[in-house]
Amino acid sequence: MEKIVILTGAGISAESGLGTFRDKDGLWTRYDLNDVATPEGFARNPSLVHDFYNARRANCAEADPNAAHYALARLEREHRGEVLIVTQNVDDLHERAGASAVIHMHGELRRALCAACGHRWNAPAVMRAADPCPACGRAATRPDIVWFGEFPYRMERIDRALGAADLFVAIGTSGNVYPAAGFVREARAMGAMTLELTLDPSDSATDFHEARHGTATELVPAWVDEILAC
Ligand code: OAD
């Protein structure tokens, strides 16, 4: 299994204390995603959207990586082939566990984006719409998060990696949101073996060659041990 592509979702950070979206008590049971995760919602009420992401940035700052994040960082370090982590998560727990080959396809809480000129910079702990862009000076500051209706980042790179993958593994994602939910079929059609590691079977569980169900902190370190023992 030389080339491994790993897709992670909110489930990998659940045991670090960060909420998932669609589980019982998940973020989308408490907030309307149309209000806080769309460009239209931001245009209607930027303060509400900033409050939502400021709260999530604060949660993230208090959280620590868990055994699943550390196991993936170890895989990246010790596997003889290539490992690419594609995450839908906007937290930085993969990086804080030591991983470096990480693509944040849905953006990052720790980055800010100017909606006027496209400039990006490191987000302060608390962001406000009135904050001026350091490049153009306009007050069009938004979190660098990919909202519904926007294009995920680095899709060309991701598609290339899926096309070349020997093994595709999805961890802690419900398979609800495209294009990520289609990665398993894309990788499988190009010849990869496919494995799901998640608490409950995802909506695309039957698309995988194999599915293992349990918590990320149990399943992921055990799976990494298996791969490194090969
Ligand atoms: P979801 O909340 O949709 O799914 C979380 C998945 O993690 C579920 O399948 C759970 O069974 C699983 N899970 C929960 N706890 C777990 C644990 N301890 N160990 C392993 N698995 C666990 O989250 P995502 O699939 O990441 O996008 O959601 C995808 C996208 O939808 C997010 O990136 C976000 C959201 O709307 C945007 O905001 C653009």
Side-chain angles (χ1 to χ4, degrees), residues 6-42 48-50 52-57 59-60 63-72 85-94 97 102-111 113 142-155 158 168-184 195-208 211-224:
I6 298 161
L7 173 69
T8 63
I12 196 168
S13 297
E15 291 162 88
S16 293
L18 300 182
T20 63
F21 294 96
R22 295 175 182 78
D23 293 311
K24 192 171 150 288
D25 298 328
L27 283 166
W28 295 158
T29 66
R30 288 178 283 132
Y31 296 88
D32 185 337
L33 69 82
N34 294 300
D35 289 336
V36 298
T38 62
E40 295 77 16
F42 186 63
L48 176 79
V49 176
H50 275 298
F52 175 75
Y53 289 101
N54 287 337
R56 299 197 56 214
R57 196 175 296 108
N59 290 346
C60 181
D64 292 314
N66 64 47
H69 298 104
Y70 284 113
L72 294 186
I85 299 170
V86 179
T87 188
Q88 300 167 87
N89 298 344
V90 294
D91 65 55
D92 59 356
L93 297 182
H94 284 304
V102 182
I103 293 180
H104 282 271
M105 63 179 291
H106 288 168
E108 294 183 72
L109 283 170
R110 61 183 183 175
R111 300 286 285 164
L113 168 66
R142 57 168 280 183
D144 191 7
I145 304 285
V146 176
W147 287 325
F148 288 91
E150 298 182 321
F151 287 105
Y153 295 153
R154 304 193 57 195
M155 283 306 300
I158 295 170
F168 170 79
V169 185
I171 302 172
T173 176
S174 63
N176 265 275
V177 176
Y178 282 83
F183 289 173
V184 56
L195 168 67
E196 168 168 284
L197 304 176
T198 192
L199 193 58
D200 307 306
S202 73
D203 284 5
S204 38
T206 53
D207 292 326
F208 290 82
R212 301 180 191 174
H213 299 125
T215 63
T217 57
E218 288 166 3
L219 294 178
V220 177
W223 168 71
V224 167

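These numbers come from the heavy atoms of this one structure, side chains and all, not from hydrogens, waters or symmetry mates. For ligands, and for the atoms within them, numbers begin at 1 and follow the listed sequence.
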Give the numbers and elements of all ligand 1 atoms closer than 4.0 Å to a heavy atom of [X].
X      : answer
Gly9   : 26 (O)
Gly172 : 5 (C), 6 (C), 7 (O), 21 (N)
Trp28  : 35 (C), 36 (O)
Thr215 : 19 (N)
Val177 : 29 (C), 30 (C), 31 (O)
Glu15  : 17 (C), 18 (N), 19 (N)

Using a 3.5 Å cut-off on N or O atoms only, is [X] in polar contact with ligand 1?
X      : value
Ser174 : yes
Ala37  : no
Ala216 : yes
Thr173 : yes
Asn176 : no
Ala14  : no
Phe21  : yes

Rounded to the nearest 0.5 Å, what's the gap from [atom1] on [X] to [atom2] on [Y]? Could you check?
X      : Y      : atom1 : atom2 : answer
Met155 : Phe183 : CE    : CZ    : 4.0 Å
Asp64  : Leu18  : CG    : CG    : 10.0 Å
Asp23  : Trp28  : CG    : CH2   : 13.5 Å
Thr87  : Leu7   : OG1   : CG    : 7.5 Å

Between [X] (side chain) and [Y] (backbone), is there a donor-acceptor pair under 3.5 Å?
X      : Y      : result
Thr38  : Gly41  : yes
Tyr53  : Val36  : yes
Gln88  : Ala180 : no
Glu196 : Ser202 : yes
Arg142 : Leu113 : no

Selected option - heavy-atom contact closest to [atom], from [options]:
atom                    : options                : answer
atom 28 (O) of ligand 1 : Arg22, Gln88, Glu150   : Arg22
atom 22 (C) of ligand 1 : Ile171, Leu199, Thr8   : Leu199
atom 37 (C) of ligand 1 : Phe148, Trp147, Tyr178 : Phe148

Which protein non-hydrogen atom lies closest to [atom], naming both residue and atom, and how far is it?
atom                    : answer
atom 26 (O) of ligand 1 : Ala10 N, 2.8 Å
atom 16 (C) of ligand 1 : Gly11 O, 3.5 Å
atom 11 (O) of ligand 1 : Asp200 OD2, 3.1 Å
atom 12 (C) of ligand 1 : Thr198 OG1, 3.4 Å
atom 27 (O) of ligand 1 : His106 ND1, 3.6 Å

Practice problem: Give a yes/no on ligand 1: does Asp23 have at least one heavy atom closer than 4.0 angstrom to it? | Solution: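 Yes.
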Practice problem: Run the contact test for Ala180 against ligand 1 with a 4.0 Å cut-off on heavy atoms, strictly below, and give the result. | Solution: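 False for this residue.
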Quiz item: Which class fits the ring pair Phe52 and Tyr31: parallel under 30°, tilted 30 to 60°, perpendicular over 60°?
Solution: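 Rings of Phe52 and Tyr31: perpendicular, as their planes differ by over 60°.
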Quiz item: Hey, what's the ring geometry for His94 with His69, parallel, tilted or perpendicular (30° and 60° as the breaks)?
Solution: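 Aromatic pair His94/His69 classed perpendicular.
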Quiz prompt | Side chain, backbone, both or neither: the part of Val146 lying under 4.0 Å from ligand 1 by heavy atom | solution =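 The answer is the backbone.
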Quiz item: Only one of Val86, Asn89, Val102 forms a side-chain contact (heavy atoms from CB on, under 4.5 Å) with Thr8, so which one is it?
Solution: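 Only match with Thr8 under side-chain contact (heavy atoms from CB on, under 4.5 Å): Asn89.
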Quiz item: Side-chain donor-acceptor pair under 3.5 Å between Ser13 and Asp91, yes or no?
Solution: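 Yes.
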Quiz item: Are side-chain N/O atoms of Asn59 and Arg56 paired as donor and acceptor at under 3.5 Å?
Solution: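 No pair is found: no donor N or O on one side chain lies under 3.5 Å from an acceptor on the other.
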